[in-house]
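First up is the structure itself, then whatever we jot down about it.
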Protein chains: 2
Amino acid sequence: MKCEMFDVLVELAKKKTRVTTLDMAKRLGSSQQTMSRKIRELESLDLIERETAAKGQFVSLTDEGAKFIRKKYLELREIVERPKTESIAFGGVLVSGSGEGRYYVGQDEYFLQFHEKLGFRPFLGTLNVRLKTVQDVKAKDEMENMRPITIRGFKKDNRAFGDIRSYPCMINRKARGAVIIPERTHHATDIVEIIASEDLRKSLCLKEDDYVHVEIRI
Amino acid sequence: MKCEMFDVLVELAKKKTRVTTLDMAKRLGSSQQTMSRKIRELESLDLIERETAAKGQFVSLTDEGAKFIRKKYLELREIVERPKTESIAFGGVLVSGSGEGRYYVGQDEYFLQFHEKLGFRPFLGTLNVRLKTVQDVKAKDEMENMRPITIRGFKKDNRAFGDIRSYPCMINRKARGAVIIPERTHHATDIVEIIASEDLRKSLCLKEDDYVHVEIRI
DNA sequence: ATTACTACTCACCGAGTAA
DNA sequence: TTTACTCGGTGAGTAGTAA
């Protein structure tokens with residue numbers, strides 16, 4: 001990445017005050033002329049104050065310049081010192097699907113990818129969970145901002161099957177499975193579809209309207 | 001300052017993973033096309049990994065990208081959390097000057113500026129101190145990296161008098177004065193010249209070869 | 001809706017050089 | 001030495017548009 005304005009500001013802030021354009025150019029891999037211009041630009045932006053002398057120039061940050069650097073620093077701190085492990089969880093009630101899920105999961109092209117990429121052969125049927133609260137929907141949206149395991153779409157019989165995004169998860173803290181979200185979803189945004197290697201209705205003794213808890217594994 | 005490459009990387013790092021080029025463009029005040037190109041550039045620099053989907057793209061930092069941000073963060077921390085007050089001090093022995101100092105300080109144009117900018121009317125004579133150790137010379141060089149109070153040069157009688165840099169200081173922890181360094185210095189780099197409102201030789205009872213301590217007020 | 005290609009303009013870079 | 005000007009070549013930004 002080439003020498004950017006901000007790099008120049010930072011380099012000036014590092015050095016106490018006295019700099020030469022040539023020295024700055026060498027440090028930042030640029031030319032003396034460009035440094036001269038960039039330093040003058042920073043001055044016209046009121047980020048630095050300067051006084052040219054016979055041997056170089058005296059540069060100091062203005063309050064605004066210091067504030068600017070501090071702002072960037074806090075921004076980076078936010079990123080670097082961000083807690084690594086957060087867990088995303090939401091829940092809702094079991095609703096009956098249209099049988100569509102079973103149809104899609106049953107497509108060989110999808111099925112094989114589920115096995116390869118998720119590590120299990122899905123049961124031919126999906127669990128449809130309707131989210132009830134805004135917190136739950138928010139958590140689901142946050143999940144969607146994460147990088148999914150993408151199941152590739154395909155064409156067959158003159159029909160297009162789109163990509164499916166999948167997110168490995170725990171259901172009711174007991175069973176492993178995955179939330180799946182078709183790229184061109186037919187569902188309203190408050191319903192999520194879940195697959196697993198087993199028939200979750202049976203193995204977790206779930207029936208219509210029962211509460212289902214979903215936790216995304218990060 | 002316009003949108004730079006690093007800003008794009010930081011913005012991508014802030015967002016967890018899912019972004020669109022248009023959204024990024026709005027955030028950073030740029031165009032969708034430029035964002036598209038910049039994100040692809042970051043990918044080709046191996047700073048991010050990405051996967052484009054129908055609705056936007058999933059972007060995540062590579063190890064190298066995270067390392068890059070961390071490096072910048074540490075750089076800024078160094079600046080922002082740098083201790084504010086350091087003191088610069090050095091010392092040497094009193095040597096006799098050539099009377100040159102008296103001549104220069106006596107020039108009205110300089111004299112008036114000393115009074116205005118340093119706050120005292122200098123005694124017509126300078127104290128010449130020869131630095132003995134490399135530490136002392138280093139401390140003096142550090143002083144020269146600070147922003148001086150600049151006494152402007154002038155032309156008179158067909159002669160050019162150059163700028164003089166001055167640094168307010170304490171002499172022997174007792175008297176206030178200033179180190180002065182002519183822009184075109186005649187001295188070797190191990191000699192500093194000091195002025196004060198009084199005759200320091202008298203008021204501090206100094207004689208040839210006596211040790212003189214100089215502390216710069218920051 | 002999205003990404004990203006092409007074409008075009010404009011601004012930036014830096015060699016040469018003045019002060 | 002140093003800063004900073006001019007100016008020609010080039011790289012960056014973006015409108016239009018395809019996919």
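Chain letters run A, B, ... following the sequence lines, proteins first and then strands; every chain starts at 1.
Between B/Arg50 and C/dT3 there is no side-chain polar atom (N or O) within less than 4.0 angstrom of OP1 or OP2. Contact annotation: A/Thr21 side-chain N/O to D/dT3 OP1/OP2 distance is under 4.0 Å. Distances shorter than 4.0 Å separate some side-chain N or O of B/Arg40 from OP1 or OP2 on C/dA4. OP1 or OP2 of C/dT2 has not a single side-chain nitrogen or oxygen of B/Gln57 nearer than 4.0 Å.
B/Met24 has its CE atom 11 Å from the P atom of C/dT3, to the nearest Å. Atom CD in A/Glu51 sits about 14 Å away from atom C1' in D/dT3, given to the nearest Å. Taking atom CG on B/Leu12 and atom P on C/dT3, their separation rounds to 12 Å, with Å as the unit. Going from atom CG of A/Leu42 over to atom P of C/dC12 covers 13 Å, rounded to whole Å. For the pair B/Ile48 CD1 and C/dT3 C1', the computed distance is 13 Å after rounding to whole Å. Straight-line distance from the NZ atom of A/Lys26 to the P atom of D/dT2: 8 Å, rounded to whole Å. Going from atom CE of A/Met5 over to atom C1' of C/dA11 covers 13 Å, rounded to whole Å. Between the CD atom of B/Glu43 and the P atom of C/dT3 there is a distance of 13 Å, given to the nearest Å.
Applying the side chain to side chain contact (heavy atoms under 4.5 Å, CB included) rule to B/Leu124 yields the partners B/Arg102, B/Val105, B/Phe111; only residues at least two apart in sequence or on another chain are considered. When the side chain to side chain contact (heavy atoms under 4.5 Å, CB included) test is applied to A/Asp141, the partners found at least two apart in sequence or on another chain are A/Val137, A/Glu144. For B/Ala66, the side chain to side chain contact (heavy atoms under 4.5 Å, CB included) partners two or more places apart in sequence, or in a different chain, are B/Leu61.
Listed by first and then second residue, the ring-ring contact (aromatic ring centres under 6.0 Å, His included) pairs involving residues 124-156 of chain A are A/Tyr110-A/Phe154, A/Phe154-A/Phe161 (not counting sequence neighbours). Sorted by first then second residue, the salt bridge (charged side-chain N to carboxylate O under 4.0 Å, His left out) pairs that include residues 109-130 of chain B, not counting sequence neighbours, are B/Glu109-B/Lys156, B/Arg130-B/Asp190.
For A/Leu22, the listed nucleotide lying nearest its side chain is D/dT2; candidates were D/dA4, C/dC5, D/dT2.
At a threshold of 4.0 Å, the pair B/Arg37-B/Glu41 counts as salt-bridged, since one of the basic side-chain nitrogens sits closer than that to a carboxylate oxygen.
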Worked verdict on A/Glu193 versus A/Thr126 for side chain to side chain donor-acceptor pair (under 3.5 Å): CA-CA 6 Å; A/Glu193 219 166 346; A/Thr126 62; 3.1 Å; yes
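When heavy atoms are screened at a 4.0 angstrom cut-off, A/Ser36 is found touching base atoms of the nucleic acid.
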Across nucleotides 13-19 of chain D, 5' to 3', mark each nucleotide with B, S or - according to how protein heavy atoms within less than 4.0 Å reach it. BBBB---
